[in-house]
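Atoms within a ligand are numbered from 1 in the order they appear, just like the ligands themselves. Throughout, numbering of the chain's residues begins at 1 and tracks the sequence.
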Amino acid sequence: MDVIKIEQHGRVVTARLHRPTVLNALNSEVMTELVAALSPLDLDPDVGCFVITGSERAFAAGADIKEMAAKSFAEMAEEDFFAGWEGFAALRTPKIAAVRGYALGGGCELAMMCDLILAGESAVFGQPEIKLGVIPGIGGTQRLTGLVGKAKAMDLILTGRTMDAREAERCGLVSRVVPDERLAQEVAEAAAAIASYGRTAVRAAREAVERALEVGLREGLLFERRTFHALFATEDQSEGMRAFLDKRAPRFTGH
Ligand code: CAA
């Protein structure tokens, strides 16, 4: 595993994103490795909880802009880009996102695919894709709206602003906020508690809670992904991503 580090302590498996030079940007390799590593463990009766985490500086700063920047609409649609993340969302073992630093774009979406988000005070959440000339593509428009409501979701997704851990807790995105240095312990205790309960009941409980948000989600996600792909037919996508990589302000034209 190059970009994911897996550790097991008792019944808890931790997957740590490890692309330090790009703030854990999520490329296809991360998606493939994460799903490949966790899928067999999902079937292992000796595993009762997953923890997904990153570094002190970044949980994940988004999907990898470099990987996407030059793609066309046809390529995005043909690859069904991001569809593999559904394999992560579908894991039945409870997943805790342990977030310090940036959880932006795909990073925020990865955290939202987990069942609980526990955050250190340094955590920063946002869906800044609009600044790149695109929209969220791994569930942001659907899950964020379900979790925090239209008012906050529109604010974050349309302005691209970020929110700190306290605001994220107030609006219902985050389960708990603790001082950064306390996060690992807090997560370990929550994960150990979940992993200690009856496997069937735990899985039933998380599926039942998920169901409360699921109605219409499948259609919503497909719609979102196709729209995301379609934006790769625009000049603004190419300009927005190119500008980020060139470290300059984008010049959007509406084309
Ligand atoms: N993709 C690729 N590379 C990224 C990245 C990303 N999402 N985020 C950061 N990096 C890279 C930077 O390019 C930089 O690389 P170099 O050292 O080679 O220049 C390195 O990580 C460090 O980043 P910065 O120098 O920018 O660090 P900073 O502390 O000044 O800023 C930041 C941190 C505010 C998070 C800034 O990096 C940033 O804005 N990142 C992009 C955030 C973003 O737009 N995320 C959404 C991506 S699109 C998406 O996720 C679509 C979707 O719905 C799935």
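A distance-only check finds a donor-acceptor pair linking the side chain of Arg16 to the backbone of Gly54 [under 3.5 Å].
Counting heavy atoms from C-beta on, the side chains of Thr14 and Phe50 never come closer than 4.5 Å.
Counting protein heavy atoms under 4.0 angstrom from atom 8 (N) of ligand 1 gives one or more. Distance remark: protein heavy atom present below 4.0 angstrom from atom 21 (O) of ligand 1. Checking atom 30 (O) of ligand 1 against the protein gives no heavy-atom contact under 4.0 Å.
Heavy-atom distances between Gln127 and ligand 1 stay at or above 4.0 Å for every pair. Residue contacts with ligand 1 do not include Glu67, since none of its heavy atoms lies under 4.0 Å from the ligand. The shortest separation from a heavy atom of Leu26 to ligand 1 is not under 4.0 Å, leaving the residue out of contact. At least one heavy atom of Pro128 sits less than 4.0 Å from an atom of ligand 1.
By the criterion of a heavy-atom distance under 4.0 Å, neither the backbone nor the side chain of Lys131 is placed next to ligand 1. Only the side chain of Ala25 comes within 4.0 Å of ligand 1, judged by heavy-atom distances. Contact annotation for Ala63 and ligand 1: heavy atoms of both the backbone and the side chain come within less than 4.0 Å of the ligand.
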Show me, pair by pair, the donor-acceptor contacts under 3.5 angstrom made by side chains of residues 176-191, not counting sequence neighbours?
{"residue": "Arg176", "atom": "NH1", "partner": "Glu186", "partner atom": "OE2", "Å": "2.9"}
{"residue": "Asp180", "atom": "OD1", "partner": "Glu121", "partner atom": "N", "Å": "2.8"}
{"residue": "Asp180", "atom": "OD1", "partner": "Ser122", "partner atom": "N", "Å": "3.1"}
{"residue": "Asp180", "atom": "OD1", "partner": "Ser122", "partner atom": "OG", "Å": "3.3"}
{"residue": "Asp180", "atom": "OD2", "partner": "Ser122", "partner atom": "OG", "Å": "2.7"}
{"residue": "Arg182", "atom": "NE", "partner": "Glu186", "partner atom": "OE1", "Å": "3.3"}
{"residue": "Arg182", "atom": "NH2", "partner": "Glu186", "partner atom": "OE1", "Å": "2.9"}
{"residue": "Gln185", "atom": "NE2", "partner": "Glu189", "partner atom": "OE2", "Å": "2.8"}

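Pairs of residues two or more places apart, or lying in two chains, that qualify as ring pair (Phe, Tyr, Trp, His ring centres under 6.0 Å) and include a residue from residues 176-233 are Phe82-Phe228, Phe228-Phe232.
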